[in-house]
2 protein chains.
Amino acid sequence: MTIILDAMGSDKYPDPEILGAIEAVKVLDEPIILVGNEEIIRPKLEQLSPGNSLISIVHAPEVVEMWDKPVESARSKPNNSMAIGVQLVKEGQGDAFVTAGNTGGAMFNALRVLGRIKGVQRPALTALFPTQKDKCIVLDIGANADCRPDFLLQFAIMGNIYAQHILNIEKPRVGLLSNGEEAGKGNELVKETYKLLEKSSLNFIGNIEGKELFGGEADVVVTDGFTGNILTKGSEAVAKLITDTLKAELMRSFSTKMGALLAKPAFAKVKGLVDPSEVGAAPLLGIDGLVFVGHGRSDAHAITSALLLANNAIKNNLLEHLRTDIANNLSIRKGLFR
Amino acid sequence: MTIILDAMGSDKYPDPEILGAIEAVKVLDEPIILVGNEEIIRPKLEQLSPGNSLISIVHAPEVVEMWDKPVESARSKPNNSMAIGVQLVKEGQGDAFVTAGNTGGAMFNALRVLGRIKGVQRPALTALFPTQKDKCIVLDIGANADCRPDFLLQFAIMGNIYAQHILNIEKPRVGLLSNGEEAGKGNELVKETYKLLEKSSLNFIGNIEGKELFGGEADVVVTDGFTGNILTKGSEAVAKLITDTLKAELMRSFSTKMGALLAKPAFAKVKGLVDPSEVGAAPLLGIDGLVFVGHGRSDAHAITSALLLANNAIKNNLLEHLRTDIANNLSIRKGLFR
């Protein structure tokens with residue numbers, strides 16, 4: 001098993017990637033290929049881990065930066081590290097691709113090179129949300145602004161497979177994000193999707209709202225890419241507003257500063273809730289290949305987590321399970337068998 | 001000027017309402033009519049403020065409870081305190097109606113009795129969101145799950161008037177909630193609405209995301225009722241997740257407890273961010289009458305804030321401004337004059 005890692009993905013590339021890869025090969029004892037500017041990466045790697053036989057480098061002269069427009073830059077920089085990385089997966093030189101780069105760029109490159117799983121109408125961006133109990137996978141969080149009910153059904157099927165095989169939940173609870181819990185609540189898309197999910201063989205728990213999502217009542221939450229994106233970015237922004245306000249207020253007087261010092265362990269847990277390094281990365285589901293996208297803010301620890309996650313997905317045959325389940329569902333819907 | 005107050009609205013009715021009204025008449029020196037079960041209210045009022053000549057009671061035998069379905073209960077309980085309250089406004093016995101009850105019920109009763117401002121296609125539910133700088137008004141947050149671009153244009157016009165006359169912002173910055181800042185980002189509804197807002201005379205600042213909203217970059221944020229509802233409830237739930245986690249972690253050891261004690265003033269500010277009593281209430285915009293809905297969790301202080309807000313809206317002729325602006329905009333759109 002080989003994992004391909006975009007060495008130019010994170011905000012502080014390539015240091016978190018190199019350090020993260022060095023840690024990961026210690027744990028996994030499997031090869032990792034760093035893709036990026038070899039002139040920059042080679043000396044750093046040699047310095048940090050001389051003669052590491054498990055880590056190799058494939059040169060990519062161009063970089064998709066965080067501020068680049070995904071589609072334009074992928075076109076104008078055909079030799080960027082993402083494009084070459086997914087190409088290596090396509091050619092069978094690696095089993096999964098991991099990047100902490102621009103999510104839109106990753107989706108564009110993955111779609112162009114690897115394409116969709118047969119039968120998948122729209123691949124989805126996903127995110128793991130923290131909850132009161134554990135975590136849940138939310139999709140789509142931005143790939144498809146306008147969706148049809150059958151897209152959302154496929155998101156549910158793919159999220160379900162992910163929750164089963166990667167999050168180890170036997171019968172994932174699948175919720176539909178809506179503006180009210182009762183059946184019949186929602187916009188037209190939600191109302192139509194509700195009917196499809198109800199008829200499916202999924203463990204559909206009905207409409208859910210923010211309270212249930214963050215309360216940990218569902219393992220998979222399905223929504224269109226517009227709403228999912230608003231929810232994701234809104235949640236991040238609220239968390240930032242609260243933590244920024246708290247930080248500023250704690251610095252206001254001697255006694256609050258002392259209090260902050262004493263209460264430090266408690267703040268660490270809250271930081272963990274909104275910290276990308278705990279989650280590592282989220283999959284692009286529906287792409288015919290394993291692609292994981294981490295947060296731009298990823299540090300070395302986050303990169304290692306992402307690589308372990310990718311390894312786990314390879315070992316658990318995530319891609320094969322997705323292919324099979326989508327194919328089965330298509331057959332059922334076409335009435336071929338049941 | 002008289003304000004009608006639903007005495008049976010908040011989760012802990014009628015105590016917060018009675019106490020809130022007693023405080024408000026001290027400040028305003030204007031009459032307030034409490035609507036609700038007189039048998040319960042009268043003795044409590046007499047006990048707390050004997051012979052208060054500014055507060056009177058109008059009996060309403062039925063109550064719309066928080067767990068009631070808004071439409072069904074409004075129909076099955078025609079003599080509920082909300083229905084009678086808006087009826088008093090309709091009859092000119094009061095200039096504004098304030099309730100901390102079920103928002104859907106308030107909208108239903110207000111629409112049925114007071115109707116829409118002439119020219120308004122869909123009234124909107126609104127919320128004041130806390131931001132890094134101040135506050136912004138977000139609409140629609142739940143009245144209209146499926147919207148057309150012209151509905152959103154009207155939301156923007158009404159939100160703009162509110163921000164001008166109640167939040168005292170001369171030229172409110174109007175943003176369109178989207179999944180990307182660039183023009184051209186968004187779902188079909190957003191893309192079409194963008195064109196209308198661009199052509200309008202509003203101070204349209206373009207698409208905004210959660211970061212800009214909570215960062216305080218806009219005074220008015222427009223969205224459809226489905227997305228707005230997801231954003232509102234999602235934000236509340238994230239805030240709860242963070243504050244619950246923090247509380248639990250602070251109680252974990254002696255030193256964190258000590259820290260919490262010392263840092264108490266800092267936590268108060270964070271609590272203020274998510275505390276309904278600071279805001280008081282939000283208007284139903286587009287209804288042909290002034291109706292303000294507060295949070296179910298309102299305490300006496302929140303009710304007083306809501307009553308002062310309603311008084312402010314009456315004094316500033318909010319309703320008349322809304323009527324005029326909607327009429328003007330209709331004339332412009334019909335090409336009658338410019």
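So that the names make sense, note that chain A is the first sequence line, chain B the second, and so on, each numbered from 1.
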Leading residue by heavy atom contact count with chain A [cutoff under 4.5 Å; candidates [options]]:
{"options": "B/Thr245, B/Leu261, B/Ile141", "value": "B/Thr245"}
{"options": "B/Glu188, B/Met258, B/Lys185", "value": "B/Glu188"}
{"options": "B/Phe254, B/Phe129, B/Phe226", "value": "B/Phe226"}
{"options": "B/Ala260, B/Gly142, B/Gly186", "value": "B/Gly186"}

Among [options], which residue forms the greatest number of heavy-atom pairs with chain B at distances under 4.5 Å?
{"options": "A/Ser178, A/Ala145, A/Ala266", "answer": "A/Ala266"}
{"options": "A/Leu250, A/Thr256, A/Leu241", "answer": "A/Leu241"}
{"options": "A/Met251, A/Lys257, A/Lys269", "answer": "A/Lys269"}

Q: Output yes when a side-chain donor or acceptor of B/Asn144 lies under 3.5 Å from a complementary backbone atom of B/Leu125, and no otherwise.
A: no

*asked:* Treating A/Thr243 as the side-chain partner and A/Ala239 as the backbone partner, does any N or O pair qualify as donor plus acceptor under 3.5 Å?
replied: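 Yes.
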
Any donor-acceptor pair under 3.5 Å linking the side-chain atoms of [Y] with those of [X]?
{"X": "B/Thr227", "Y": "B/Asp224", "answer": "yes"}
{"X": "A/Asn207", "Y": "A/Glu182", "answer": "no"}
{"X": "B/Ser76", "Y": "B/Ser73", "answer": "no"}
{"X": "B/Asn229", "Y": "B/Lys233", "answer": "yes"}

Check each atom of [X] against the heavy atoms of chain B and say whether the ones under 4.5 Å are side chain, backbone, both or neither.
{"X": "A/Thr131", "result": "backbone"}
{"X": "A/Glu209", "result": "side chain"}
{"X": "A/Ile230", "result": "both"}

Within a reach of under 6.0 Å around NZ of B/Lys211, are more than 12 heavy atoms found that belong to other residues, nucleotides or ligands?
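No - once you tally the heavy atoms of other residues, nucleotides and ligands closer than 6.0 Å, there are 12 at most.
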
